Colleague: 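Have a look at this one before I ask anything.
For clarity, every value in this text was computed on a predicted model and none was experimentally measured. So that the names make sense, note that chain A is the first sequence line, chain B the second, and so on, each numbered from 1.
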Amino acid sequence: MKALSRRFFDRDPRQVSRDLLGKILVRGRGEMMGRIVETEAYLGADDAAAHAAAGRTSRNSVLWGPPGHAYVYFIYGNYFCLNVSCLPDGVAGCVLLRALEPLAGFEEMARNRGMETSFEPRSLRLLTSGPGRLCEAMEITRERDNGADMTLRSSQLWIADDGHRPRKIVVTPRVGITKSAEAPLRYFIYGNEFVSGPKGARAGRR
DNA sequence: ATATCGATTATCT
DNA sequence: GATAATCGATATG
């Protein structure tokens, strides 16, 4: 499987968010893998909800670096969230990965999540359907993964394209923010069981 | 099925 | 000192 190119990420986060749906997040050489089914775009200084709006700090400096790198931050005293930087070096912007469909490494994911391994759809959903959950399942932390180059197969964390293309994509406002809360910048694969939130929301309702 | 609430800490004002 | 790109538990219909 091929890793996505630098150029893929050197674009507007809205376009990258859309095109990341169906791609595969890979841990190491494939010990754990999940198909990306839900994303959100975060823009630059003009996007009040984006960390980039606060200006460049030691926490968010990856956002201003070259495209295709992991921006991992700690939130609510408990969880990590994984983003991929977009746009050229010097320009901020990123995509938040919100949900994965597990493809490989079920047992390790379950262990990391403190769950019994089960192949029931109910349980599989709990592994990676949410930004905090997917990071816990794939052992993504700031210390370990922040700044990783996700365009290299040699990285501990990278993104692959297996040729899969989603059938239909839905766009809604982003989840869990208070500023710029109405902007339609959340993207997900229509009807996919692993999209976060209650069942109705997966069909595009809110 | 939906609503509300508390946990817990890095980061910024 | 307040806030936060979340989650899981608990309460209520």
Colleague: Closest approach to the side chain of A/Phe74, judged atom by atom: which nucleotide of B/dA10, C/dT6, C/dC7 is it?
Modeller: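 Comparing B/dA10, C/dT6, C/dC7 against the side chain of A/Phe74, the answer is B/dA10.
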Colleague: Would you please say whether a donor-acceptor pair under 3.5 Å links the side chains of A/Asn192 and A/Glu101?
Modeller: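 Side-chain D/A pair, A/Asn192 to A/Glu101: present.
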Colleague: So if I take every side-chain heavy atom of A/Lys179 and compare against C/dA4, C/dC7, C/dA5, which nucleotide ends up nearest?
Modeller: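 From the listed options, C/dA4 comes nearest.
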Colleague: 5'-most contact on DNA chain C: A/Leu126 or A/Glu40, nearest heavy atom basis?
Modeller: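 The residue mapped nearer the 5' terminus is A/Glu40.
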Colleague: Using whole Å, what does the distance between atom C1' of nucleotide C/dG8 and atom CZ of A/Arg122 come to?
Modeller: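 In whole Å, C/dG8 C1' lies 15 Å from A/Arg122 CZ.
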Colleague: Here's a test of your reading of the structure: between A/Ala54 and A/Tyr76, which maps to the more 5' nucleotide of DNA chain B?
Modeller: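 With A/Ala54 and A/Tyr76 compared, the 5'-side residue is A/Tyr76.
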Colleague: Let's see if you can work this out: which of C/dA5, B/dT2, B/dT11 has an atom nearest to the side-chain heavy atoms of A/Arg59?
Modeller: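 The listed nucleotide nearest to A/Arg59's side chain is B/dT11.
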Colleague: Nearest to the side chain of A/Arg133, which nucleotide is it out of C/dT6, C/dC7, C/dA5?
Modeller: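 Of the candidates, C/dC7 comes closest.
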Colleague: On DNA chain B, check which nucleotide each of A/Ile75 and A/Ser58 is closest to and give me the residue with the more 5' one.
Modeller: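 Upstream on the strand: A/Ile75.
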Colleague: Counting side-chain heavy atoms from C-beta on, which of C/dA5, B/dT8, C/dC7 comes nearest to A/Cys94?
Modeller: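 The closest nucleotide is C/dA5.
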Colleague: In whole angstroms, how far is the P atom of C/dT6 from the CG atom of A/Leu97?
Modeller: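 Result: 13 Å.
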Colleague: Could you check how far CG of A/Asn78 sits from P of C/dA5, rounded to whole Å?
Modeller: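 From A/Asn78 CG to C/dA5 P: 15 Å.
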Colleague: Who does C/dT3 pair with, Watson-Crick or G-U, both distances under 3.5 Å?
Modeller: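 Matched C/dT3 with B/dA10 under the 3.5 Å cut-off.
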Colleague: Between A/Lys199 (NZ) and B/dA1 (P), how many Å, whole number?
Modeller: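 Rounded to whole Å, this separation is 9 Å.
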Colleague: By the 4.0 Å heavy-atom rule, please label A/Gly132 as base, sugar-phosphate, or nothing.
Modeller: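 The answer is sugar-phosphate, as A/Gly132 gets under 4.0 Å only of primed atoms, P, OP1 or OP2.
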Colleague: Starting at OH of A/Tyr79 and ending at P of B/dA10, how long is that distance when rounded to a whole Å?
Modeller: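 Atom OH in A/Tyr79 sits about 16 Å away from atom P in B/dA10.
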Colleague: Need to verify one output field. Residue with the more 5' nearest nucleotide on DNA chain C, A/Ser196 or A/Thr178?
Modeller: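 Going by which nucleotide is closer to the 5' end, it is A/Thr178.
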Colleague: Which is true for A/Thr57 with a 4.0 Å heavy-atom rule: it touches a base, it touches only sugar-phosphate, or it touches nothing?
Modeller: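 Answer is sugar-phosphate: A/Thr57 comes under 4.0 Å of backbone atoms only.
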Colleague: Do A/Pro66 and A/Phe9 come close enough that some side-chain heavy atom pair is under 4.5 Å?
Modeller: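 A side-chain contact under 4.5 Å is absent here.
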Colleague: Salt bridge check, A/Arg125 against A/Glu193: does any charged N sit closer than 4.0 Å to a carboxylate O?
Modeller: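 Salt bridge between A/Glu193 and A/Arg125, a charged N being under 4.0 Å from a carboxylate O: no.
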Colleague: Does C/dT12 have a Watson-Crick or wobble partner in any strand here, with both distances under 3.5 angstrom, and which is it?
Modeller: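 Looking at the geometry, C/dT12 pairs with B/dA1.
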Colleague: Rounded to the nearest Å, what distance is computed from the CG atom of residue A/Leu134 to the C1' atom of nucleotide C/dA5?
Modeller: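 From A/Leu134 CG to C/dA5 C1': 12 Å.
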Colleague: Distance check needed: C/dA5 C1' versus A/Asn146 CG, whole Å only.
Modeller: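 From A/Asn146 CG to C/dA5 C1': 15 Å.
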Colleague: Is it true that A/Arg165 and A/Asp161 make a salt bridge, defined as a side-chain N closer than 4.0 Å to a carboxylate O?
Modeller: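 Answer for the salt bridge query: yes.
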Colleague: Grab the CZ-P distance between A/Arg142 and C/dA5 for me, whole Å please.
Modeller: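 For the pair A/Arg142 CZ and C/dA5 P, the rounded distance is 15 Å.
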Colleague: Using the rule salt bridge (Lys or Arg N to Asp or Glu O under 4.0 Å), only one of A/Arg133, A/Arg18, A/Arg186, A/Arg174 pairs with A/Glu38; which is it?
Modeller: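 Output: one option passes, namely A/Arg186.
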Colleague: With respect to the phosphate group of C/dA5, does any side-chain polar atom (N or O) of A/Arg186 fall under 4.0 Å of OP1 or OP2?
Modeller: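 No.
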Colleague: Check A/Asp47 with A/Lys179, please: is the shortest side-chain N to carboxylate O separation under 4.0 Å?
Modeller: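 A salt bridge is absent here (no side-chain N lies under 4.0 Å from a carboxylate O).
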Colleague: Tell me whether A/Tyr42 is stacked on the nucleobase of C/dA5, counting only the six-membered base ring and applying the 5.5 Å and 30° thresholds.
Modeller: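 So yes, this residue stacks on that base, both cut-offs being met.
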Colleague: For C/dG8, does either OP1 or OP2 sit under 4.0 Å from a side-chain N or O belonging to A/Arg113?
Modeller: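 True: A/Arg113 side-chain N/O within range (under 4.0 Å) of C/dG8 OP1/OP2.
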